[in-house]
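Here is how names work: the chains are called A, B, and so on, in the same order as the sequence lines, proteins then strands, and each is numbered from 1. Side-chain atoms are counted along with the backbone in the values below, which use heavy atoms only and exclude waters and symmetry mates.
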Amino acid sequence: MNLNLNNKLPREFYVRDTLTVARELLGKIFVRILDGKILAGRIIETEAYIAGEDESAHSSRGKTKRNATMFEEGGLLYVYFTYGMYYCSNVVTNEKGKGDAVLLRSIEPLEGIEIFAQNRFGKTEITGKEKRNLLSGPGKICMAYKLTKAEDGTDLLGDEIFILDASTVPENKMVQTTRIGISKSKELPWRFYEKDNPYVSRK
DNA sequence: ATCAAGATTACCT
DNA sequence: GGTAATCTTGATA
């Protein structure tokens, strides 16, 4: 896998309309340099959470200690803890003070697969089925990339965690549908994924 | 101080 | 398809 680590998405990519960013993040490469090793995968499923109109966004009732990162400038990583055992990662979008973010729901593993496997299953040799299960969910992504509360607020324009530009998924290969695992604002069609990609978290 | 819900996952039938 | 696991957070008193 030959990745150009200098090809980071610029600040302007993130500081835009949240639904546009959620769409355009599909196909981009999410990277973490951990202990000198490269962990990388292709983002293939996202969900938008937008303050104000969206009852299920953490930011919908204003700023709190937990969601403070959502109100920062676009291009930061928002990580939160849920269900007593899992973390979920989001990309903050739009201008400072807005409270918008895009949840990373599924990633197709590209590089550092043995490390992902170690972090997820405690072993480095995995089957094809296990490979499809590596990063196919927001909690799984955090386990595999070792993202926790400590990474909340990390700037994606820094040199530890960042997203590389790559070709955008075309409209005819993109599916837009309702979001998963929420109880409020269920009707909003703010989930996006790449059609026919075997790593999608759920149909 | 108390309490219910939660942007999930793994494992069971 | 169903549900247990596990605990922080935000809302209410």
**A:L26 side, atom CG; A:R105 side, atom CZ - distance, nearest 0.5 Å** = 13.0 Å
**Prompt:** Counting side-chain heavy atoms from CB outward, which of C:dA5, B:dG6, B:dA7 is closest to A:S183?
**Reply:** B:dG6
**Protein-nucleotide distance (A:K186, atom NZ; B:dA5, atom C1'), rounded to Å** = 14 Å
**Message:** So if I take every side-chain heavy atom of A:N90 and compare against B:dT8, B:dA10, B:dA7, which nucleotide ends up nearest?
**Reply:** B:dA7
**Prompt:** Rounded to the Å, how far apart are A:L147 CG and B:dA7 C1'?
**Reply:** 16 Å
**Item:** Given B:dA7, C:dG10, B:dT9, the nucleotide with the shortest approach to the side chain of A:M143
**Value:** B:dT9
**Message:** Using a 4.0 Å heavy-atom cut-off, does A:T64 contact any base of the nucleic acid, only the sugar-phosphate backbone, or nothing at all?
**Reply:** sugar-phosphate
**Request:** Give the ring-plane orientation class for A:H58 versus A:Y78, where under 30° counts as parallel, over 60° as perpendicular and anything between as tilted.
**Result:** perpendicular
**Message:** Are A:Y14 and A:L157 packed together at the side-chain level, in the sense that at least one heavy-atom pair is separated by less than 4.5 angstrom?
**Reply:** yes
**Fill in**
Regarding the side chain of A:N133, the nearest nucleotide among B:dA10, B:dA7, C:dT8 is B:dA10
**Prompt:** Could A:D165 and A:K28 be called an ion pair, given the rule that one side-chain N must be under 4.0 Å from one carboxylate O?
**Reply:** yes
**Request:** Return one dot-bracket line describing DNA chain B 5' to 3' (Watson-Crick or G-U wobble pairs, both distances under 3.5 Å; ( ) same strand, [ ] crossing, | another strand, . none).
**Result:** ||||||.|||||.
**Message:** Under 4.0 Å, heavy atoms only, any strand: does A:L103 hit a base, just the sugar-phosphate, or nothing?
**Reply:** base
**Asked** Within the structure shown, what part of the strands sits under 4.0 Å from A:R202 by heavy-atom distance: base, sugar-phosphate, or nothing?
**Response** nothing
**Prompt:** Could you give the OH-to-P distance, from A:Y49 to B:dG6, as a whole number of Å?
**Reply:** 12 Å
**Complete:** Looking only at B:dA7, C:dT8, C:dA11, the nucleotide nearest the A:R61 side chain is C:dA11
**Request:** Provide, to the nearest angstrom, the distance between the CD atom belonging to A:E55 and the P atom belonging to C:dA11.
**Result:** 11 Å
**Prompt:** A:Y83 on top of C:dA5's base, within under 5.5 Å and under 30°?
**Reply:** no
**Item:** Under-4.0 Å salt bridge between A:E130 and A:R120
**Value:** no
**Asked** A:R66 has a side chain; which of B:dG6, C:dG10, C:dT8 sits nearest to it?
**Response** C:dG10
**Asked** Rounded to whole angstrom units, what separation is found between the CD1 atom of A:I50 and the P atom of B:dA7?
**Response** 16 Å
**Prompt:** Just how far, in rounded Å, is P of B:dT8 from CD1 of A:I141?
**Reply:** 11 Å
**Fill in**
Ranking A:S136 and A:K184 by the position along DNA chain B of their nearest nucleotide, the one closer to 5' is A:K184
**Request:** Starting from C1' on C:dT8, measure out to CG on A:D152 and report it in whole angstrom.
**Result:** 14 Å
**Item:** Closest nucleotide among B:dG6, B:dT9, C:dT6 to the A:K140 side chain
**Value:** B:dT9
**Message:** Take a 6.0 Å sphere around NZ of A:K129 and say whether it holds more than 12 heavy atoms from other residues, nucleotides or ligands.
**Reply:** no
**Asked** Taking CE from A:M85 and P from C:dA4, how many angstroms apart are they, rounded to a whole number?
**Response** 12 Å
**Criterion side chain to side chain donor-acceptor pair (under 3.5 Å) on A:T93 and A:T18, from CA distance to verdict** = CA-CA 6 Å; A:T93 58; A:T18 302; 2.8 Å; yes
**Message:** If you assign each of A:G84 and A:K65 to its closest nucleotide in DNA chain C, which residue comes earlier from the 5' end?
**Reply:** A:G84
**Request:** Have a look at A:Y86 and say if it touches a base, only the backbone sugar-phosphate, or nothing, with a 4.0 Å heavy-atom cut-off.
**Result:** base
**Message:** Assess the residue pair A:Y145 and A:F116 against the criterion (ring-ring contact (aromatic ring centres under 6.0 Å, His included)); give the C-alpha distance rounded to whole Å, side-chain angles, the decisive distance to 0.1 Å, and a yes or no.
**Reply:** CA-CA 7 Å; A:Y145 278 89; A:F116 286 143; 4.8 Å; yes
**Message:** On the nucleotide B:dA10, are OP1 or OP2 found under 4.0 Å from the side-chain N or O atoms that A:R120 carries?
**Reply:** yes
